[in-house]
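FYI, side chains are in, hydrogens and waters are out, and symmetry mates aren't considered; it's all heavy atoms of this structure.
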Amino acid sequence: EPEPEPAGPVTLAAAPRRTSAGSTVTLTLSNGSRRAVGYNLCTSALQTRAGRPVETDRVCTMELRTLNPGQRATYGYELPGSLPDGRYRFSTGLERMPDGGRITVTSNNIVVR
C-alpha cells in the first residue's frame with residue numbers, strides 16, 4: 001500500500017509572534033497539499049491585521065521557486081525600522097502547478113511593540 005499523499009493546505013507562518021520594528025521575522029511556507037506550488041517569499045506583502053497593505057521599500061527579484069508537496073521554505077523578512085506598534089500579518093501569492101492557478105495565503109498575526 002503506498003503512503004497517502006499529504007492533503008492539508010499550504011500555510012504561511014510568521015515568527016516570532018512578538019517582535020519590534022526593524023527586526024527580522026521568519027516566514028515559513030509549508031506545502032501540505034498534493035501539488036507543487038510556485039512561490040517567492042521575498043514578495044510577501046506586509047499588512048495590517050485588517051488586511052491593509054503597509055508600504056515598504058523592499059526590492060525583490062521576480063524569480064518563481066517550486067515547493068513540492070510536504071516541503072517547507074523559510075525567508076527572513078526585515079521589518080521597516082519606522083513600523084508603528086500594532087498587529088500585522090503577511091500575505092503571499094502562490095501559483096498552483098501545473099495549471100498556473102493563483103492562490104493567496106495569509107499568515108498568523110504578529111505584534112510589533
Side-chain angles (χ1 to χ4, degrees):
E1 253 331 273
E3 285 291 306
E5 291 183 67
V10 179
T11 58
L12 181 65
R17 290 181 184 262
R18 293 184 175 277
T19 189
S20 56
S23 63
T24 298
V25 173
T26 299
L27 300 180
T28 303
L29 185 67
S30 301
N31 187 355
S33 77
R34 289 190 172 100
R35 304 169 86 165
V37 294
Y39 73 97
N40 183 343
L41 288 175
C42 179
T43 61
S44 296
L46 178 62
Q47 300 176 334
T48 64
R49 180 177 60 174
R52 284 190 300 280
V54 175
E55 289 299 315
T56 64
D57 55 5
R58 297 175 57 75
V59 177
C60 299
T61 61
M62 294 312 294
E63 67 187 304
L64 196 65
R65 297 178 178 184
T66 301
L67 190 66
N68 289 312
Q71 287 188 328
R72 293 185 150 168
T74 59
Y75 180 79
Y77 190 109
E78 190 176 324
L79 296 173
S82 59
L83 192 64
D85 288 358
R87 290 181 184 271
Y88 297 90
R89 67 185 192 184
F90 294 88
S91 174
T92 197
L94 305 173
E95 193 172 298
R96 234 182 11 239
M97 306 288 189
D99 64 12
R102 304 287 300 169
I103 43 179
T104 300
V105 291
T106 303
S107 76
N108 53 284
N109 289 324
I110 61 167
V111 176
V112 173
R113 285 217 173 355

Hey, what do you get for CG (Leu12) to OG (Ser91), rounding to the nearest 0.5 Å? 8.0 Å
Check step by step if side-chain contact (heavy atoms from CB on, under 4.5 Å) holds for Val25 and Tyr88. CA-CA 11 Å; Val25 173; Tyr88 297 90; over 6 Å; no
Nearest non-hydrogen partners of Tyr39 and Leu64, listed with the distance: N-CD1, 3.5 Å
Show the nearest heavy-atom pair for residues Thr61 and Thr43, with the distance to one decimal. O-CG2, 4.5 Å
State which residues pass side chain to side chain contact (heavy atoms under 4.5 Å, CB included) with Glu55; sequence neighbours excluded, sorted by chain then number. none
Please give me the minimum heavy-atom distance between Ala21 and Gly81, naming the atom from each residue. CB-O, 3.5 Å
d(Tyr75 OH, Leu29 CG) to nearest 0.5 Å is 13.5 Å
Spacing of Thr92 atom OG1 and Asn40 atom CG [to the nearest 0.5 Å]: 7.0 Å
Over 12 non-hydrogen atoms of neighbours within 6.0 angstrom of CZ in Arg87: no
Please tell me whether Val111 and Tyr77 are part of a single hydrophobic cluster in this structure, the criterion being side-chain heavy atoms less than 4.5 Å apart. no
Is it true that a side-chain atom of Arg89 and a backbone atom of Gln47 form a donor plus acceptor pair closer than 3.5 Å? no
Considering all heavy atoms of both residues, which atom of Thr74 and which atom of Thr26 are nearest to each other, and what is their separation? CB-CG2, 4.2 Å
Pairing residues for Thr24 by the side chain to side chain contact (heavy atoms under 4.5 Å, CB included) criterion, not counting sequence neighbours: Glu78
Shortest non-hydrogen contact from Thr56 toward Pro80: CG2-CG, 3.7 Å
Quick check: does any side chain N or O of Asn31 sit under 3.5 Å from a backbone N or O of Gln71, one acting as donor and the other as acceptor? no
Rounded at 0.5 Å granularity, tell me how far CG in Asn68 sits from CZ in Arg35. 13.0 Å
Give, for atom CD1 of Ile110 and atom CG of Leu79, the distance between the pair rounded to the nearest 0.5 Å. 5.0 Å
Exam field: side chain Ser23 to backbone Ser20, donor-acceptor pair closer than 3.5 Å: yes
Write out all pairs satisfying side-chain hydrogen bond (donor to acceptor under 3.5 Å, both in side chains) with one or both partners inside residues 103-113, taking only residues at least two apart or from two chains. none
Close side-chain approach of Leu46 to Leu83, heavy-atom, < 4.5 Å: yes
So, do Thr48 and Val54 sit near enough that their side-chain heavy atoms are less than 4.5 Å apart? yes
If you measure from OG1 on Thr66 to CE on Met97, what distance do you get to the nearest 0.5 Å? 4.0 Å
